[in-house]
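Working notes for the structure below.
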There are 2 protein chains.
Amino acid sequence: MILSQKLENFVLHCGEMGSRWGFNRTIGQMVGLLVISEQPLSANEIAEALRISRGNVSMGIKELQSWQLVKVIHVPGDRKEYYAPNGSIWDLANKVFEERRKREIDPTLTLLRDSIIEPAESNEEAYAQEQMQQIHDLLETVTKWSAELQRLSPEQLQTLMKLGSSVSKVIDLKDKLLKK
Amino acid sequence: MILSQKLENFVLHCGEMGSRWGFNRTIGQMVGLLVISEQPLSANEIAEALRISRGNVSMGIKELQSWQLVKVIHVPGDRKEYYAPNGSIWDLANKVFEERRKREIDPTLTLLRDSIIEPAESNEEAYAQEQMQQIHDLLETVTKWSAELQRLSPEQLQTLMKLGSSVSKVIDLKDKLLKK
DNA sequence: ATTGACTTTCAAATTTTACTGAAACTTTAA
DNA sequence: TTAAAGTTTCAGTAAAATTTGAAAGTCAAT
């Protein structure tokens with residue numbers, strides 16, 4: 001398993017980006033590799049392609065499974081496990097989004113709610129709480145909205161995105177219709 | 001500058017989240033602190049409140065300025081510089097989004113474009129390129145859409161988000177209008 | 001041109017995070 | 001029940017990121 005220059009570049013780039021998406025470099029590379037590979041890969045092939053230890057691959061796979069980003073494939077008559085991306089690019093992106101929401105936004109919302117609910121004990125706290133309320137409202141709106149968007153079919157979502165800013169015209173229109 | 005338990009919790013939490021949003025723990029704490037503080041704070045006050053070194057604050061401020069998240073305030077007759085969040089919560093969130101797009105999505109799009117443009121040199125590369133094309137299209141759609149959304153006024157955006165799932169009705173509506 | 005109040009820089013120390021590889025574990029087949 | 005082929009775990013090590021603090025820099029007032 002040796003990658004051409006072009007493919008290696010892509011995989012390395014995924015590594016750099018990996019940390020931004022919520023995992024570490026190696027795991028980013030693993031996702032990149034699996035995505036561009038037509039055949040499922042065994043742990044050894046991954047280790048070889050990325051020049052990392054077998055143990056590291058094992059830990060990476062575990063992490064990717066907790067994100068639901070890879071699926072395991074068993075080939076009859078072969079005891080090795082093979083790994084492949086769990087769904088289309090679109091599915092993967094969705095899962096990353098969803099998972100990050102769970103890990104980052106939700107705990108923050110909880111903390112903010114708890115903080116806001118108890119009465120301010122000073123002027124400073126009163127101001128701080130107003131700000132926290134703002135953050136809370138923002139996060140909640142965004143969370144709800146992204147949940148709604150996920151309910152739309154990919155086609156509807158495409159339509160909506162392609163509407164772009166002219167979506168505002170449609171909204172205005174809707175307002176007018178409602179008033180009638 | 002000593003924080004009440006509640007405020008300290010919030011600041012620490014911002015620290016944890018900081019790394020998710022693209023900066024490190026300390027810088028996350030700094031943002032949290034500035035956001036909940038009604039008065040602008042001097043570098044020394046920040047260092048004291050967060051129990052970190054003066055030098056660290058200086059570097060953090062520099063980083064936050066590169067994200068355009070803080071503004072400097074000069075008080076007449078006082079040589080110290082004071083720092084405050086650069087805009088509302090909404091503005092800050094927007095800036096983080098915008099900045100991350102620049103730092104993460106844009107370079108990825110460039111790499112993908114470059115990779116896709118040159119012809120595949122093998123079957124593997126051909127498959128890989130198809131996948132890269134998918135990623136490219138996804139990122140481009142999302143980028144364009146977020147740019148469009150940023151053009152809407154906050155009120156329009158609020159309206160849109162609050163539409164929630166009935167957004168699909170709006171889409172249907174649009175379809176019908178087009179057909180006429 | 002010196003002092004004092006402040007800020008910035010950056011090499012070195014520290015802390016955190018990731019990786020390796022050998023040992024332990026699991027599973028299948030003979 | 002043993003061996004062989006595979007996977008996982010985790011203590012120790014290596015690498016990366018962060019932090020400190022002392023020194024250098026800036027600037028206004030004297």
Side-chain angles (χ1 to χ4, degrees), chain A residues 1 11-34 40-67 70-84 103-104, chain B residues 1 11-34 40-67 70-84 103-104:
Chain A
M1 190 76 201
V11 168
L12 293 179
H13 185 86
C14 289
E16 303 308 316
M17 288 304 130
S19 41
R20 312 294 187 150
W21 288 72
F23 10 83
N24 66 34
R25 190 155 36 80
T26 304
I27 295 184
Q29 291 178 358
M30 290 177 56
V31 177
L33 179 63
L34 291 174
L41 299 178
S42 70
N44 279 322
E45 287 169 322
I46 296 171
E48 195 195 354
L50 304 181
R51 271 85 122 263
I52 59 176
S53 75
R54 189 59 191 66
N56 199 358
V57 174
S58 180
M59 290 191 299
I61 292 288
K62 208 170 128 196
E63 176 74 4
L64 286 177
Q65 281 172 333
S66 85
W67 286 76
V70 291
K71 64 182 168 197
V72 180
I73 289 171
H74 287 278
V75 174
D78 186 342
R79 280 169 64 187
K80 278 206 279 297
E81 299 195 317
Y82 292 85
Y83 304 97
R103 297 181 186 202
E104 297 166 27
Chain B
M1 189 76 199
V11 168
L12 293 178
H13 184 86
C14 289
E16 302 309 316
M17 288 305 130
S19 40
R20 312 295 189 149
W21 288 75
F23 10 84
N24 67 33
R25 189 154 37 79
T26 303
I27 294 182
Q29 291 179 358
M30 289 176 58
V31 177
L33 179 63
L34 290 174
L41 300 177
S42 71
N44 279 322
E45 286 169 323
I46 296 171
E48 195 195 354
L50 305 179
R51 271 84 125 262
I52 59 178
S53 74
R54 191 56 191 69
N56 202 355
V57 173
S58 181
M59 290 192 299
I61 292 289
K62 205 170 130 196
E63 176 74 3
L64 287 177
Q65 281 172 331
S66 85
W67 287 76
V70 291
K71 64 181 169 199
V72 180
I73 290 171
H74 288 278
V75 175
D78 185 343
R79 280 169 60 189
K80 279 205 280 296
E81 299 195 318
Y82 292 86
Y83 304 98
R103 297 182 187 202
E104 297 166 27

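Just so we're on the same page: letters track the sequence lines, and every chain starts at 1.
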Could you list the protein-to-nucleotides 16-22 of chain D atom pairs, N/O on both sides, closer than 3.5 Å?
unit_1, atom_1, unit_2, atom_2, d
D:dT19, OP1, B:Thr26, OG1, 2.5
D:dT19, OP2, B:Thr26, OG1, 2.7
D:dT19, O5', B:Asn56, ND2, 3.4
D:dT20, OP2, B:Ser53, N, 2.7
D:dT20, OP2, B:Ser53, OG, 3.1
D:dT20, OP2, B:Asn56, ND2, 3.2

What pairs of residues pass the side-chain hydrogen bond (donor to acceptor under 3.5 Å, both in side chains) test when at least one of them lies in residues 15-29 of chain A, not counting sequence neighbours?
-> none
Between which nucleotides of DNA chain C, read 5' to 3', does contact with chain B run, using atoms under 4.0 Å from its heavy atoms?
-> C:dG4 to C:dC10
Would you kindly give the CG-to-C1' distance between A:Leu64 and D:dT8, to the nearest whole Å?
-> 16 Å
Residues forming a side chain to side chain donor-acceptor pair (under 3.5 Å) with A:Asn44, sequence neighbours excluded = A:Arg54
Side chain to side chain donor-acceptor pair (under 3.5 Å) partners for B:Gln65, two or more places apart = none
A:Tyr83/A:Ile73 under side-chain contact (heavy atoms from CB on, under 4.5 Å): CA gap, chis, key distance, verdict = CA-CA 6 Å; A:Tyr83 304 97; A:Ile73 289 171; over 6 Å; no
B:Arg79: partners by salt bridge (charged side-chain N to carboxylate O under 4.0 Å, His left out), with sequence neighbours left out | none
Full working for side-chain contact (heavy atoms from CB on, under 4.5 Å) between B:Ile46 and B:Met30 = CA-CA 7 Å; B:Ile46 296 171; B:Met30 289 176 58; 4.0 Å; yes
B:Phe23: what forms a ring-ring contact (aromatic ring centres under 6.0 Å, His included) with it, not counting sequence neighbours?
-> B:Trp67
Anything under 3.5 Å between a protein N or O and an N or O of nucleotides 24-30 of chain D, put it in a table, one pair a line.
unit_1, atom_1, unit_2, atom_2, d
D:dC27, O2, B:Arg79, NH2, 2.9

Under the side-chain contact (heavy atoms from CB on, under 4.5 Å) rule, collect the residues that match up with B:Ala47, sequence neighbours excluded.
-> B:Val57
Non-neighbouring partners of A:Lys62 that pass side-chain contact (heavy atoms from CB on, under 4.5 Å), sequence neighbours left out = none
Which residue pairs pass the salt bridge (charged side-chain N to carboxylate O under 4.0 Å, His left out) test with at least one member in residues 40-49 of chain A, sequence neighbours excluded?
-> none
